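Notes follow the structure.
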Amino acid sequence: MAKKFVYHYFNIKGRGEIPRLLFAAAGVEYTDDRIEFSDWPNIKGTTPLGALPYLEVDGQKFPESVAIARYLANEFGLAGKSNLDKLKIDVLVDQMILLRESAVTMHFEKDETKKVELMKKFKEEQLPKCFGYIEKALSENSSGFLVGDQLTWGDLALIDLDDMLHNFGNLINLDNFPKLTAHKKQIEASPQISTYLKHRPVTSH
Amino acid sequence: MEKKYVYHYFNLKGRGETPRLLFAAAGVEYKDDRVEFSDWPKVKGTTPLGALPYLEVDGQKIPESVAIARYLANEFGLAGKSNLDKTKVDVLVEQMIAIRESLVVLNSEKDEAKKAELMKKFNEEQIPKCFGYIEKTLSENSSGFLVGDQVTWGDLALIDLDGMLSNLGNSVNLDKFPKVVAHRKKVEALPRISTYLKNRPVTPY
């Protein structure tokens with residue numbers, strides 16, 4: 001019997017978009033419960049850890065968007081074929097999460113002096129380090145995907161990160177990373193993803 | 001043919017102990033390469049991401065201690081029996097990582113006033129939240145393990161965190177969490193773990 005999935009998150013991409021991309025890539029039905037900020041105080045107490053997103057499956061509630069994404073990827077066969085490939089994806093996703101957190105911290109920093117400092121570190125150290133590692137992984141894999149010869153959740157996490165960095169005031173110039181540019185085109189052109197991107201709600205971030 | 005593992009980390013528990021606990025729990029041989037701080041400048045350039053730990057397996061170098069731990073857990077059958085159980089472990093480990101990261105930030109804060117603020121938040125919000133969740137999880141599982149009916153890497157990550165919190169100036173009173181206290185006794189008494197703990201190098205942290 002097919003599992004019933006309900007995915008609860010705010011009506012944004014934010015930290016919660018990768019699971020939605022996974023449902024789309026796998027062609028699996030789910031309830032996409034998008035919560036309005038105004039309803040959040042009422043809902044908070046019903047979540048496992050007082051935060052969003054959480055996934056409901058078989059009557060159980062699971063928080064933590066990365067753990068959810070990994071779970072769905074494994075359920076849908078989009079996690080990589082071997083244990084070692086799964087590890088490679090985990091490592092790549094870890095880099096993306098670090099960069100995301102740095103970008104968020106920097107974006108919301110109110111102290112102007114500190115913000116300039118964070119921006120410098122971001123552009124000169126963190127971004128080149130993360131995307132250098134990703135560009136290298138892509139160069140070493142002829143399929144054009146991050147790991148292995150087919151789409152994995154790592155690829156979806158990457159297009160989501162690209163998107164976020166563009167939303168936060170064009171933090172990344174993809175021209176410096178030709179493999180990454182090609183990757184984005186390749187993933188976004190795949191039929192299920194392309195359709196999903198055309199129809200998903202338009203949100204500020 | 002058996003895999004050859006070399007695990008590279010400093011001569012500390014620090015962020016790198018959970019993989020060592022995994023090798024011990026599984027009874028799997030590996031080379032435990034403990035890097036001296038004085039050698040670090042030479043070693044740094046040979047690592048995948050300029051940091052430790054990294055695992056060498058099948059001639060490949062993989063960084064990120066949590067990803068390494070998850071990989072080894074899956075290799076050794078210590079990851080949980082179902083995809084849902086694996087996700088439950090992932091979610092629990094995420095909470096533990098958050099505590100660990102908060103402690104690192106706290107310990108490196110130089111401004112005394114800010115440090116006191118962070119300490120208050122740590123003791124009054126973060127510890128109760130994380131360990132409340134863990135205590136609840138243990139209460140709902142009669143085996144005494146975190147997830148399922150046998151030891152998983154989640155249990156090893158927890159005793160590692162417990163150990164870190166009892167260390168040096170990090171003293172946190174976990175007596176409020178009787179299931180956690182019982183869990184630590186139980187896991188540390190498992191034959192392979194007990195032997196490992198007796199024989200591992202004594203390090204300050």
Side-chain angles (χ1 to χ4, degrees), chain A residues 3 5 15 19 47-51 53-80 82-99 101 105 125-126 128-130 132-134 136-137 140 147 154, chain B residues 3 5 15 19 47-51 53-80 82-98 101 105 125-126 128-134 136-137 140 147 154:
Chain A
K3 287 188 168 77
F5 296 106
R15 281 196 177 99
T47 67
L49 274 166
Y54 76 93
L55 177 74
E56 257 182 291
V57 56
D58 285 356
Q60 299 179 71
K61 295 179 176 181
F62 295 91
E64 300 296 351
S65 65
V66 180
I68 291 167
R70 186 180 299 106
Y71 165 76
L72 293 173
N74 275 295
E75 283 294 296
F76 304 153
L78 296 171
S82 65
N83 202 10
L84 204 54
D85 274 1
K86 291 183 187 197
L87 173 57
K88 288 176 182 174
I89 295 168
D90 275 351
V91 172
L92 286 155
V93 170
D94 277 351
Q95 307 320 304
M96 297 181 217
I97 291 167
L98 272 170
L99 196 69
E101 295 302 316
T105 304
E125 288 175 36
Q126 296 166 325
K129 180 177 178 183
C130 174
Y133 189 74
I134 291 173
K136 182 169 182 282
E140 290 168 0
V147 175
Chain B
K3 289 186 165 78
Y5 297 105
R15 279 197 177 102
T47 66
L49 273 167
Y54 75 92
L55 177 73
E56 259 184 287
V57 55
D58 284 357
Q60 300 182 67
K61 293 179 176 182
I62 319 277
E64 298 296 349
S65 67
V66 180
I68 291 168
R70 184 181 299 107
Y71 165 78
L72 293 173
N74 275 295
E75 284 288 299
F76 304 153
L78 296 171
S82 63
N83 199 10
L84 269 176
D85 275 1
K86 291 183 185 193
T87 305
K88 287 178 183 173
V89 175
D90 276 350
V91 171
L92 286 155
V93 170
E94 292 276 352
Q95 310 318 305
M96 299 179 216
I97 292 168
E101 294 303 317
V105 169
E125 285 174 38
Q126 295 169 321
K129 181 179 177 182
C130 174
F131 281 91
Y133 187 74
I134 292 173
K136 179 172 181 286
T137 303
E140 291 168 359
V147 176

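Remember, it's a predicted structure, so these values are computed and weren't measured experimentally. Here is how names work: the chains are called A, B, and so on, in the same order as the sequence lines, proteins then strands, and each is numbered from 1.
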Please state whether the side chain, the backbone, both or neither of [X] comes within less than 4.5 Å of a heavy atom of chain B.
X      : value
A:I89  : neither
A:K136 : neither
A:V93  : neither

Problem set entry | Which atoms of B:K136 approach chain A - backbone, side chain, both or neither, heavy atom under 4.5 Å |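 B:K136 has no heavy atom closer than 4.5 Å to chain A.
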
For this session: For the residue pair B:R70 and A:D90, establish whether any side-chain heavy-atom pair is separated by less than 4.5 Å.
Result: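 Yes, side chains in contact.
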
For this session: Give, for atom CG of B:L92 and atom OG1 of B:T137, the distance between the pair rounded to the nearest 0.5 Å.
Result: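 Those atoms lie 4.5 Å apart.
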
For this session: Hey, could you give me the CD/CD distance between A:E64 and B:Q95, rounded to the nearest 0.5 Å?
Result: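 Output value for this atom pair is 4.5 Å.
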
Exercise. Any idea which of B:V57, B:D90, B:T87, B:N83 has the most non-hydrogen atom pairs under 4.5 angstrom with chain A?
Worked result: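 Ranked by heavy-atom pairs under 4.5 Å with chain A, first place is B:N83.
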
For this session: Could you please spell out the steps behind the side-chain contact (heavy atoms from CB on, under 4.5 Å) verdict for B:L49 and A:Y133?
Result: CA-CA 8 Å; B:L49 273 167; A:Y133 189 74; 3.6 Å; yes

Exercise. Taking the six-membered ring for Trp, are A:F62 and A:Y71 parallel (under 30°), tilted (30 to 60°) or perpendicular (over 60°)?
Worked result: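 A:F62 and A:Y71: parallel rings.
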
